[in-house]
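A short worksheet on the structure shown next.
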There are 2 protein chains.
Amino acid sequence: MSYKYEYARAALTVDCVVFGLDEEDLKILLIQRDIEPFEGRWALPGGFVRLDETLEESAKRELEEETGIKKVFLEQLYTFSELERDPRERVISVAYYALVQLSNHRVKAATDARDAAWFSVNSIPSLAFDHEKILSLAHERLRGKVRYQPLGFELLPTKFTLRQLQHLYEVILDREIDKRNFRKKIQAMDILIELDEFEQGVAHRAARLYKFDRQKYKRMTKNGFNFEI
Amino acid sequence: MSYKYEYARAALTVDCVVFGLDEEDLKILLIQRDIEPFEGRWALPGGFVRLDETLEESAKRELEEETGIKKVFLEQLYTFSELERDPRERVISVAYYALVQLSNHRVKAATDARDAAWFSVNSIPSLAFDHEKILSLAHERLRGKVRYQPLGFELLPTKFTLRQLQHLYEVILDREIDKRNFRKKIQAMDILIELDEFEQGVAHRAARLYKFDRQKYKRMTKNGFNFEI
DNA sequence: CTAGTTAGTGTATTATCGACACTAACAAAA
DNA sequence: TTTTGTTAGTGTCGATAATACACTAACTAG
């Protein structure tokens, strides 16, 4: 079966930049290509868009097929259209970035006969296509957006300590933050629920756990409240 | 002549949201469709992407063909992919927004047998396709971005008064700004060149003209300077 | 020369930001 | 059980930035 059109059409793909956070640093998820072009090279998960799905649905599907990840925060990043970005033919790619709780997706078994692995954003191997460019734009966007939108919580488990939250901002913004000032600011925003639970199994004083109060945040933004780190 | 592909492909278009500013308010440029679907309805300028051009080139070409506008500030907005956004077939559209000096593009003659006209963002007619959605996202993006990037200057003539500049922010941000505080803030940024020229032909004291110092702004951003209104 | 209109300027109060250091709690090791 | 090591948790003060606010100067038109 084949499809005919009066004018030439570009192929359309989606690519996903998946961010995760652990105790050391910010990581992204890459897959190893098992077909040409760039066979064996690491690349962003992604693939061709079908006609019966929106771009976002397509990104979610590819992400699940290639890495097993589902139900993630996903947002459109940019559409890349350089003429020579794919050596086979004209391919235009819509990039998305995703934020996941890395602890839930620890070791990613190869789902589709490929390998998948987490890499620190500070030591990314050479990537296929223009994926390094996509990745660097995604990283920039995350850094910019995390300061005025509470995206960060997507990278943390539901219950987290203030230390984890601060660490998140330190890693993403790549600078140290004063502990007292940070806690002052967060508490002033009043968007966390203080739990009567504490972290477990640590060899020192256990820190209190908190939850992000999504409801309250939504209500507050309607009244012109401004989240800002 | 026709083109065959193994899998079905969506058609790809670009659409442009062109902003201009005059003495009253913020305006956008619309064209009247002369073919089905939505014949006679107002719509964003745009059209099909060719295989030998990037999306940005495509947006620039369509803009010139349909409205005569060239050499504008142009930035990608978002890619729209709802399944039913075009009644004919599956069409995915990459939206751009453009900022132009309205005074240079006053009355837009119909270039392509269509009519083109400026509309106040506060009184937009019913638009074709999902163009109202695109427009409203563009407006939101402009409002957000103008506060921390000096986009506004793209909407003003090269030489402008501080009153014009303030008016720009008042119109886009939709709130009044204190004259003295505004001037204090702008002068503290030190990104304007004070000219020895004054506005002409006004029935009151003439205001001094200024130019945006693009060079200096670039140098400053490299050193971590933060533009913020 | 008078009326009308906008340009251009400073200060005082309030809110926000940023630097900074100690005690409390707990687990592990001695 | 005592000591050691590690992180949790908390407040103040000075500097800086944000805001509110009103008058005189300059020019044109009638």
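Per chain, numbering begins at 1; letters A, B, ... match sequence-line order. Remember, predicted model here, so these are calculated numbers, not experimental data.
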*Where does the angle between the aromatic ring planes of A:Tyr78 and A:Phe80 fall among parallel (under 30°), tilted (30 to 60°) and perpendicular (over 60°)?*
perpendicular
*To the nearest Å, how far apart are A:Lys185 NZ and C:dT16 P?*
11 Å
_Is a donor from one side chain sitting under 3.5 angstrom from an acceptor on the other, for A:Ser126 and A:Arg41?_
yes
*asked:* I'd like to know if A:Arg180 reaches the base of D:dA8 with its side chain such that a donor and an acceptor end up less than 3.5 angstrom apart.
replied: no
*Tell me: CG of A:Asp178 to C1' of D:dT10, nearest whole Å?*
12 Å
*Could you state the CD-P distance from A:Gln187 to D:dT10, rounded to the nearest angstrom?*
6 Å
*asked:* I'd like to know if the side chain of B:Thr13 pairs up with that of B:Ser93 as donor and acceptor (distance under 3.5 Å, no hydrogens or angles considered).
replied: yes
_Under 3.5 Å, is there a donor on one side chain and an acceptor on the other for B:Glu75 and B:Tyr97?_
yes
*Going by the angle between their ring planes, with limits at 30° and 60°, are B:Phe227 and B:Tyr217 parallel, tilted or perpendicular?*
perpendicular
*asked:* Tell me whether the side-chain N/O atoms of B:Arg163 come closer than 4.0 Å to OP1 or OP2 in C:dA7.
replied: yes
*Rounded to the nearest Å, what distance is computed from the CZ atom of residue B:Phe182 to the P atom of nucleotide C:dG10?*
18 Å
*asked:* Would you compute the distance between atom CG of B:Leu30 and atom CG of B:Leu135 and round it to the nearest 0.5 angstrom?
replied: 7.5 Å
_What is the separation between atom CD on B:Glu23 and atom C1' on C:dT6, rounded to the nearest whole Å?_
15 Å
*Return the 5'-most residue of the pair A:Arg208, A:Lys184 with respect to DNA chain D, ranking by each residue's nearest nucleotide.*
A:Arg208
*Nearest whole angstrom, please: distance from the P of C:dT6 to the CD of B:Glu170.*
13 Å
*Does a nitrogen or oxygen in the side chain of B:Arg183 sit under 4.0 Å from OP1 or OP2 of C:dT9?*
no
Heteroatom pairs (N/O) under 3.5 angstrom, protein to nucleotides 22-29 of chain C:
unit_1	atom_1	unit_2	atom_2	d
C:dA24	N3	A:Arg205	NH1	3.3

*Compute the ring centroids of A:Phe160 and A:Phe212, then answer whether they are less than 6.0 Å apart.*
no
*Closest-nucleotide ordering on DNA chain D, the 5'-leading residue of A:Glu199 and A:Asn181*: A:Glu199
*Protein-nucleotide distance (A:Phe198, atom CZ; D:dT7, atom C1'), rounded to Å*: 14 Å
*Quickly work out the B:Ile186 CD1 to C:dA7 P distance and round it to whole Å.*
15 Å
